[in-house]
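Have a look at the structure below, then the notes.
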Amino acid sequence: MTTTMISSFNSNHINSKALNCILWNTPNISSPRPNLFSSTKRRRLQQIRKKKAHDQATGGDMVSTLISSIAVDETTTTLPVELTALVSVRKSLKLSIQDMMLHWFGNGNHDHFTHHKEKEKSLVLQLVSTETEAESMKPKLSHEAILDWSKDLNLNLILGAEKSSYEVKFEVDPKFGMPGAITVSNKYEKELYLDSINIEGVVNIACNSWIQPDKDSSEKRIFFSTKAYLPDETPAGLKELREMELRQLRGDGTGLRLPSDRTYDYDTYNDIGKPDEGIEYIRSTLGGNYTHPHPRRCRTGRPPTSTDDNMESPENEYKRIYVPRDEEFEEAKQGALDVGKLKGILRHIIPTLTTIASRDSNVFKGYADINCLYSTDMSLPKILNKVQEFLKFDPPKLISGLTSCCLPDEEFGRQAIAGMNPMSIQRLTVFPPVSKLDSSTYGPQESALKEEHIIGHLHGMSIQQALEENKLFILDYHDIFLPYLDQINALDDRRAYGTRTILFLTSLGTLKPISIELSLPPTNSDSPSKQVLTPPVDATTNWLWQIGKAHVSSNDACAHQLIHHWLRTHACMEPLIIAAHRQLSVMHPIYKLLKPHMRYTLKINALARQFLINAGGVIESNFTAGKYCMEMSCAAYRDWWRFDLEGLPADLLRRGMAVPDSTQVHGIRLVIEDYPYATDGLLIWSAIETLVRTYVNYYYPDASAVNFDTELQAWYNESINLGHADLRHASWWPKLSTPDDLTSILATIIWLTSAQHAALNNGQYPYGGYVPTRSPHMRRLLPEEHDPEYTTFMQDPQKYFLSSFPSLLEATKYMAAIDIISAHSPDEEYIGDRKDLSTWSADTVIIEAFYRFSMEMRRIEKEIERRNTDSNLRNRCGAGVSPYELLMPSSEPGVTCRGVPNSISI
């Protein structure tokens, strides 16, 4: 029997329907557990409801009234008690349309809904008690309740309405005890979405789950509890179900996965290559080796390629890649992505036609070629504006403050702390900077930067004084790029350096670039492998400076995407999510806490393997490293990533952007006071940490509770030993022995999946959609005087500058991709909002903690709004300066450059 176990109080009914929940879960009750379903009890509850209105008006203690009323004589009745429930369901839009056609154009008898097949074409529901039968020790069960479509076929369901409600009847024994769950078997032909179950006077359950057709008799169950239980607190009637559910979710590690499966397992990234399409599409397996270490992904069970038994065959782009059914997108989410793809295709039409008609299609000829890509003329008639929306791009946020294609120095510096990648900048502690690469392979470790390059830009300070007063900062991509530059520069239309940029903190609190070092691997030629640019003094040095900054921005865009965005959030969080599903029961309090922060992540990562990080995908096609992109990401994982330094305060300390200070709320003091990402981020970090600490201390009062939680320890150990197997022996993994350890680990996970990802993802189009100011790759190096291209540069420096960027077609493909992944879907769930609060309806400490957290998010939003209007904060306020809103908690759908979703959902 394919059975779904559902049980989670609906938060929409906390005030009116939580009465029995309070009764069931009140901890300090010395009397025996009452019979909740006796007729006497039901009459008493009616009296309590009447008294509730009076108590609310007079301030009476409702909880005390409920507690004092629970002692009921179970001998007053022996007849079964009938309970009425309203079951809300919905089908997918596709199935709804099919059923609508059958309804209107069928033969009139609707055979698939006929009454004589009611059990075969319906939902079958059963209540499960927390108690067991005395003899069999099996859970007590109610009689089966049948949801029969034929009794009252609701046309709303057929027409695709959001949901429709059906009435069912439960019969339970008077000594049934406390309900712990509901089983649901789907006898209908297709999967159905079970929205909620409302048992009048007893319990309200928010299900929010797809129920698969019951085609066989195997015991497959989804299990959601009415309450959070630690493993050793599980009621006797639910223990067997708890264990059975986890066995099902783990699977046996074999077999092809079907779309309806709910199995979670690990695999290496052995599916991003396309060896069957040719040697140029062969990619190394990521994970399972020292050369290319990588976090694990969710296993799909696809067959190997025809050319390599160790490589899994990639999914066709028109075929849905497997993720467990519960991880699939809802229709609103998928619909929003489909619309984004359609817009991307349509917006590519004009550039394609332009390229066909042009003899010189590889370059932008002038600023007009770039500006014509955007729908800037809003004076058109309404219908033409609608057409323009689908044929042209919305102007990115940055355009409003620009007067040319060149990024001003002030904006260049500002984006290092208030742009789409505020995580690369570091405080400079040693000058000149020194490489950590092997000098025998990559040349001298010393930088070409000298005192004379920067001393004139320090406002009278010495270099030592500037270092000591925390005035010098660096964007250092030298060691990241240099090992790959020979391969990158051998690719068609790819030219790159390993860059270092020194920035000076002015008296106004803003950053200004004062020198750029451009490095290539050492060669035997007379050409130097390193060159230094300084702020311009004439027209020629101005254009060289602009090209140099463009190369830095290209390095930054690549590091942002491959390391900070993909690796640190998407890839490194997936193993912890897989382990949570495999080792933490859905009734475990930590699972319940993390659930909204795991939504859609496995699906979006699967799509990334199919379209973004795969051979020839969006990442390889657009970013500097090309086919070596994922190798670069693997190197960062091996040499640099550390989970213990992923929390915001630890990351800021690691980069020297903060120093320890016990007098501060967060225990650190920022060295740049107006660092928008950090100042806003610390507000959210603090709120997360406070919530998690309250939650953890409620369930784990001491270290022994943490150490003896078998599911918790199994989750963390598996996350490391299987999910991050290539780094499992690292000494820096945090211990999990105390409530403080658990608080730190969970706060880090929630931070990374919510605010950290939002700060890195949601600004990609607003800050990167104007390609000349943040090109994903460059096609020309800096012109040198002995090169033939130098004459071309001197004659038309603007043309040379624009020809360094991706072509028109490349640019529009890239813009379409980042426009899609920067958008919020209509069903997005934002930080501070939870749909499952009824799980803790009797645990006032937890409810109050979530309420305070939600209110804190609102306060943070108002504080960010205030900061964005403070003229003293010049990195987020001023003429032509974009306000920093990436960590603003709420948002509308679409590309808004704000909003913090609960999870990595795009």
Side-chain angles (χ1 to χ4, degrees), residues 228 423 564-565 568-581 584 588-602 604-605 643-652 666 677-678 680-700 706 712 715-716 719 723 734 736 739-762 828-837 839-840 846 849-858 860-861 886-890 899-906:
M423 299 186 65
H564 302 306
H565 183 203
R568 297 178 70 179
T569 61
H570 285 264
C572 287
M573 287 299 100
E574 180 161 353
L576 286 99
I577 293 173
I578 297 172
H581 287 287
L584 296 176
H588 196 289
I590 301 305
Y591 179 90
K592 289 184 177 295
L593 174 68
L594 292 178
K595 183 178 179 181
H597 304 290
M598 302 188 290
R599 184 177 187 239
Y600 289 157
T601 303
L602 298 189
I604 205 66
N605 284 3
F643 180 78
D644 63 325
L645 300 180
E646 287 297 278
L648 179 57
D651 175 66
L652 293 170
H666 315 288
Y677 158 76
D680 293 357
L682 285 170
L683 294 177
I684 296 178
W685 168 268
S686 181
I688 291 172
E689 192 176 43
T690 299
L691 170 67
V692 173
R693 179 172 288 107
T694 300
Y695 192 93
V696 167
N697 289 341
Y698 182 81
Y699 288 102
Y700 300 92
V706 174
L712 181 71
W715 162 67
Y716 189 58
S719 296
L736 179 52
D740 284 346
D741 295 340
L742 181 56
T743 296
S744 177
I745 291 167
L746 295 176
T748 298
I749 292 171
I750 294 173
W751 162 258
L752 290 169
T753 56
S754 59
Q756 183 67 90
H757 180 259
L760 292 167
N761 182 81
N762 300 340
E828 196 68 84
E829 297 175 2
Y830 296 95
I831 192 167
D833 296 332
R834 293 191 70 113
K835 295 183 176 181
D836 57 352
L837 285 179
T839 299
W840 301 276
I846 302 301
F850 281 125
Y851 176 77
R852 287 193 300 270
F853 183 71
S854 179
M855 292 302 100
E856 183 64 8
M857 289 303 109
R858 296 185 186 183
I860 289 171
E861 188 154 309
L886 284 171
L887 291 176
M888 193 80 82
S890 68
V900 179
N902 273 321
S903 62
I904 302 168
S905 57
I906 191 62

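Since the structure is predicted, the reported quantities are computational estimates derived from the model, not experimental observations. Numbering of residues begins at 1 and proceeds along the displayed sequence. What's counted below: heavy atoms across the whole structure, side chains too, no hydrogens, waters or symmetry copies.
- Listed for the Asp741 side chain is no donor-acceptor partner under 3.5 Å among the backbone atoms of Pro734.
- Between the Asn762 side chain and the Gly899 main chain, a donor and an acceptor come within less than 3.5 Å of each other.
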Q: Take Leu712 and Leu736, measure what side-chain contact (heavy atoms from CB on, under 4.5 Å) needs, and give me the verdict at the end.
A: CA-CA 9 Å; Leu712 181 71; Leu736 179 52; 4.0 Å; yes
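- The aromatic rings of His565 and His757 are tilted relative to each other, their planes meeting at an angle between 30° and 60°.
- Counting all heavy atoms, side chain and backbone alike, Leu760 lies closest to Thr569 at CD1-CG2, 4.3 Å.
- Ser903 and Pro596 get closest at one heavy-atom pair: CB-O, 3.4 Å.
- Taking all atoms of both residues into account, the shortest heavy-atom contact from Pro739 to Val696 is O-CG1, 3.6 Å.
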Q) Are Lys592 and Trp840 close enough, and set up right, to give a side-chain contact (heavy atoms from CB on, under 4.5 Å), and what steps lead you there? A) CA-CA 10 Å; Lys592 289 184 177 295; Trp840 301 276; 3.7 Å; yes
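- In this structure, CZ in Arg599 is found 13.0 Å from CD1 in Ile577, a value given to the nearest 0.5 Å.
- Ala849 and Thr694 make their closest contact through CB-CG2, 3.8 Å (heavy atoms, listed as atom of the first residue, atom of the second, distance).
- Taken to the nearest 0.5 Å, the CH2 atom of Trp685 stands 11.0 Å off from the NE2 atom of His666.
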Q.
Go through it in stages, so that I can follow the logic: the residues are His597 and Ile749, the test is side-chain contact (heavy atoms from CB on, under 4.5 Å), and I'd like the CA-CA distance, side-chain angles, deciding distance and then a yes or no.
A. CA-CA 8 Å; His597 304 290; Ile749 292 171; 5.8 Å; no
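- Taking OH from Tyr677 and CE from Met423, the interatomic distance works out to 4.0 Å, rounded to the nearest 0.5 Å.
- When the side chain to side chain contact (heavy atoms under 4.5 Å, CB included) test is applied to Tyr698, the partners found at least two apart in sequence or on another chain are Asp843, Val845, Ile846.
- The closest donor-acceptor contact from the side chain of Ser854 to the backbone of Gly832 lies under 3.5 Å.
- In this structure, Leu652 CG and Leu682 CG are separated by 6.0 Å, a value rounded to the nearest 0.5 Å.
- Between Val692 and Phe853, the closest side-chain pair of non-hydrogen atoms is not below 4.5 Å.
- Considering all non-hydrogen atoms of both residues, Ala678 and Leu648 come closest at O-CD2, 4.3 Å.
- The OG1 atom of Thr690 sits 8.0 Å away from the CD atom of Glu856 when rounded to the nearest 0.5 Å.
- Taking all atoms of both residues into account, the shortest heavy-atom contact from Pro901 to Ala758 is CD-CB, 4.1 Å.
- Side-chain contact between Ile688 and Ser754 is present, with heavy atoms from C-beta onward closer than 4.5 Å.
- Using modelled atom types, one side-chain atom of Trp715 and one backbone atom of Leu576 make a donor-acceptor pair closer than 3.5 Å.
- A distance-only check finds no donor-acceptor pair linking the side chain of Ser744 to the backbone of Asp740 [under 3.5 Å].
- For the atom pair SG of Cys572 and CD1 of Ile904, the computed distance is 9.5 Å after rounding to the nearest 0.5 Å.
- For the pair His570/Ile604, a side-chain contact is recorded, criterion being any heavy-atom separation below 4.5 Å from C-beta on.
- Checked by atom type and distance alone, the side chain of Glu574 never pairs as donor or acceptor with a backbone atom of Asn605 at under 3.5 Å.
- A donor-acceptor pair under 3.5 Å is absent between the side-chain atoms of Arg568 and the main chain of Leu752, judged by distance alone.
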Q: Let me see the working for Glu829 and Tyr600 under side-chain contact (heavy atoms from CB on, under 4.5 Å), right down to the final yes or no.
A: CA-CA 11 Å; Glu829 297 175 2; Tyr600 289 157; over 6 Å; no
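- Taking the side chain as every heavy atom from C-beta outward, His581 and Met598 approach each other to under 4.5 Å.
- Using a 4.5 Å cut-off on side-chain heavy atoms (C-beta onward), Val900 and Tyr830 make no contact.
- In this structure, Ile831 and Asn902 have side chains that are in contact, with non-hydrogen atoms separated by less than 4.5 Å.
- Tyr695 places a side-chain N or O within donor-acceptor distance of the main-chain N or O of Pro589, the cut-off being under 3.5 Å.
- Side-chain contact between Ile590 and Leu742 is present, with heavy atoms from C-beta onward closer than 4.5 Å.
- Using a 4.5 Å cut-off on side-chain heavy atoms (C-beta onward), Tyr700 and Thr743 make no contact.
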